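All values reported here derive from a predicted model rather than from experimental measurement.
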Amino acid sequence: MRRTIRWLLSLAMVAGTVGAGSLTAGAATAAEPREDIKDRILAVPGMSLIEEQPTDDGYRFFLLNYEQPVDHRKPDGKTFQQRISILHTSETRPTVFFTSGYGLREEPARSEPTQLVDGNQVSMEYRYFTPSRPDPADWNKLDIWQAASDQHRITTALRSIYDQKWISTGGSKGGMTATYYRRFYPKDMDGTVAYVAPNDVNNKEDSAYEEFFRNVGSKECRDRLNGVQHEIFERREEFVPRIEEWAEKEGHTFELAGDADRAFEIVAQDLVWGYWQYHLDADCGEVPSRDASTDELYTWANEIGGWEAGTDQGMLPYTPYYYQAGTQLGSPDYEDPLLDDVRKYPGINVPRTYVPRDIPMSFDKKAMKDIDKWVRKDASEMLFVNGENDPWSAEPFRLGPGTEDSYLYTAPDQNHGANIAKLSADDRESATRALLRWAGVDQEVRPGAVPKRLTQHNPALDKPQERSMTLRP
């Protein structure tokens, strides 16, 4: 409705001007229609159209390729095609820069900040995720600075079209990505909303996760989950043949894991983590008991962890993430001590397992310390949202005395899907007010009123992010 009213008001202004009778023929000719937005976007050097998809409610959606340097330190060197999308509403609205930190969603969808500020949305596929991967791939050029430079170059290219305020955002690895971007290019964005973004400052220190699992949710739920997970391990000899039979039927393989037995352990030891990542304490009654049938336990484990996550087909699409986890980001090396008597392969669930052996990896222990130091000392206009019962929030970003106009909120009883809408009422109002102010649209809220989203809910556009399986943010 707001969009329709804006259009009608614009039409009325044009009609009133033309009907005044005082314009000369030359002045009327000067009021020619602006160049179509698609033409303006495609006029950006290096931009090409994959397709335009139909949308509703006044939006236009473009799936695009943008030519990027493989190495931003050598901008005239080799290049690759990076996919981006633009959900366009108006050049007079703010723009939200969204990335999941993984692949690109190929259909239109609005992130929460886009819904709140009624803006355009530019989305980026993270470098080295298929098909946004150089060929051949120089894996040394997959790091957080190169990825931040991808975003910087896209922002710079599009500012001539979208010259209003810009907000960067993302959830999980996308929240990490949005934070790293601000660290390397702090002036590009007017604000950042980072959801459920883990901050593994010291990769060898993981006691925060042990503490988390000792206290998350209710004792009844913890005991139930620990019990059923242990029972699944005790029935390993029943599970592994089923996994082998299923894999043969589906054409899945186990070269990275080693065999079906190791794949079983990779998935099974993350079941409690996976439960808390995507479920609530209130859902615990749906967890099977230890005396449930093997069929029931097998099905539940597949729903929580996904047996495919232990196969090559489940791992290889995420090689870029696991490579980064093993070279810069870090990853939780958490193994539940309650499984010590049934685990056969301690230490298997590490990034090196998930990355083909012909790709070398070495860990840079300074990368995350640098990010953490910047957030604590220099961050401004940043909003972090975490979930109280989300394992990935056990090691969160924290604000320090040097930060300005920045906020850290925790959604009570929430998991890895925590967002502004799920905060307490006071925190939700504060977070929304800050975001609208950064986006330059706070004046659109009636003085004294509780700030709310500037769009109506649209089920075709306001879709949740796709759930990712296994131990991955």
Trainee: Kindly list each side-chain donor-acceptor pair under 3.5 angstrom involving residues 246-258, sequence neighbours excluded, with atom names and distances?
Mentor:
| from | atom 1 | to | atom 2 | distance (Å) |
| --- | --- | --- | --- | --- |
| His252 | ND1 | Gln313 | OE1 | 3.4 |
| Thr253 | OG1 | Asp312 | OD2 | 2.6 |
| Thr253 | OG1 | Gln313 | NE2 | 3.2 |

Trainee: Walk me through it: do Tyr59 and His88 pass the test side chain to side chain contact (heavy atoms under 4.5 Å, CB included)?
Mentor: CA-CA 5 Å; Tyr59 287 97; His88 170 86; over 6 Å; no
Trainee: Taking the inter-plane angle between the rings of Tyr354 and Tyr322 on a 0 to 90° scale, is it parallel (under 30°), tilted (30 to 60°) or perpendicular (over 60°)?
Mentor: parallel
Trainee: Salt-bridge test for Glu107 and Arg105: reply yes if a basic N is under 4.0 Å from a carboxylate O, no otherwise.
Mentor: yes
Trainee: Considering only NZ, NE, NH1 and NH2 on the basic side and carboxylate oxygens on the acidic side, decide whether Asp223 and Arg290 come within less than 4.0 Å.
Mentor: no
Trainee: Please check this pair: side chain of Gln68 against backbone of Thr79, looking for a donor-acceptor N/O pair closer than 3.5 Å.
Mentor: no
Trainee: For the pair Asp372 and Lys369, find out whether any cationic side-chain nitrogen is under 4.0 Å from an anionic carboxylate oxygen.
Mentor: no
Trainee: List the residues meeting ring-ring contact (aromatic ring centres under 6.0 Å, His included) with Tyr323, not counting sequence neighbours, and say none if there are none.
Mentor: Trp139
Trainee: Without swapping roles, check the side chain of Arg183 against the backbone of Lys373 for a donor-acceptor pair under 3.5 Å.
Mentor: no
Trainee: Keeping Arg224 on the side-chain end and Val287 on the backbone end, is there a donor-acceptor pair under 3.5 Å?
Mentor: yes
Trainee: Is there a side-chain contact between Thr432 and Leu435, using heavy atoms and a 4.5 Å cut-off?
Mentor: no
Trainee: Is there a side-chain contact between Thr311 and Ile243, using heavy atoms and a 4.5 Å cut-off?
Mentor: no
Trainee: Can you confirm whether Arg357 sits close enough to Arg352 that some side-chain heavy atom of one is under 4.5 Å from a side-chain heavy atom of the other?
Mentor: yes
Trainee: Regarding Ser111 and Thr169, is there a side-chain donor-to-acceptor distance under 3.5 Å anywhere?
Mentor: no
Trainee: Quick one: sort the Tyr407 and Tyr409 rings into parallel, tilted or perpendicular, breaks at 30° and 60°.
Mentor: parallel
Trainee: Taking the inter-plane angle between the rings of Phe80 and Tyr128 on a 0 to 90° scale, is it parallel (under 30°), tilted (30 to 60°) or perpendicular (over 60°)?
Mentor: perpendicular
Trainee: Is the NZ or CZ atom of Arg73 both under 6.0 Å from the centre of the six-membered ring of Trp145 and within 45° of that ring's axis?
Mentor: yes
Trainee: Are the charged groups of Arg262 and Asp259 less than 4.0 angstrom apart, N to O?
Mentor: yes
Trainee: In sequence, state the C-alpha distance, the side-chain angles, and the governing distance for Tyr66 and Val44, and then conclude on side chain to side chain contact (heavy atoms under 4.5 Å, CB included).
Mentor: CA-CA 9 Å; Tyr66 183 59; Val44 173; 4.2 Å; yes
Trainee: Is the closest basic N to carboxylate O distance between Arg60 and Glu52 below 4.0 Å?
Mentor: yes
Trainee: Within the structure provided, determine whether Ile348 and Gln269 are in side-chain contact (heavy-atom separation under 4.5 Å).
Mentor: yes
Trainee: Please report whether the ring centroid of Phe212 lies less than 6.0 Å from that of Trp276.
Mentor: no
Trainee: Between the side chains of Arg214 and Glu211, is the shortest nitrogen-to-carboxylate-oxygen separation below 4.0 Å, so that they form an ion pair?
Mentor: yes
Trainee: Donor-acceptor check, side chain of Asn419 to backbone of Lys422, threshold 3.5 angstrom: yes or no?
Mentor: yes
Trainee: For the pair Asp340 and Arg343, find out whether any cationic side-chain nitrogen is under 4.0 Å from an anionic carboxylate oxygen.
Mentor: yes
Trainee: Is the shortest distance from a Lys or Arg side-chain nitrogen in Lys204 or Asp333 to a carboxylate oxygen in the other one below 4.0 Å?
Mentor: no
Trainee: With a 4.5 Å heavy-atom cut-off, do Gln414 and Glu388 have their side chains touching?
Mentor: no
Trainee: Check whether any side-chain heavy atom of Arg153 sits under 4.5 Å from a side-chain heavy atom of Thr156, and report yes or no.
Mentor: no
Trainee: So Tyr102 and Tyr318, would you call those rings parallel, tilted or perpendicular, with 30° and 60° as cut-offs?
Mentor: perpendicular
Trainee: Got a donor-acceptor contact below 3.5 angstrom from the Thr179 side chain to the Gly175 backbone?
Mentor: yes
Trainee: Does the plane of the ring in His279 sit parallel, tilted or perpendicular to the ring in Tyr275? Use 30° and 60° as the thresholds.
Mentor: parallel
Trainee: Look at Lys344 together with Asp261 and state whether they make a salt bridge at an N to O cut-off of under 4.0 Å.
Mentor: yes
Trainee: Would you check if the side chain of Arg182 reaches a backbone N or O of Ser380 as a donor-acceptor pair within less than 3.5 Å?
Mentor: yes
Trainee: For the pair Arg398 (side chain) and Val375 (backbone), establish whether a donor and an acceptor sit closer than 3.5 Å, ignoring hydrogens and angles.
Mentor: no
Trainee: Take the angle between the ring planes of Trp392 and His416 and call it parallel below 30°, perpendicular above 60°, tilted in between.
Mentor: tilted
Trainee: A cation-pi test, strictly: NZ or CZ of Lys173 under 6.0 Å from the centre of the six-membered ring of Tyr321 and no more than 45 degrees from its axis. Yes or no?
Mentor: no
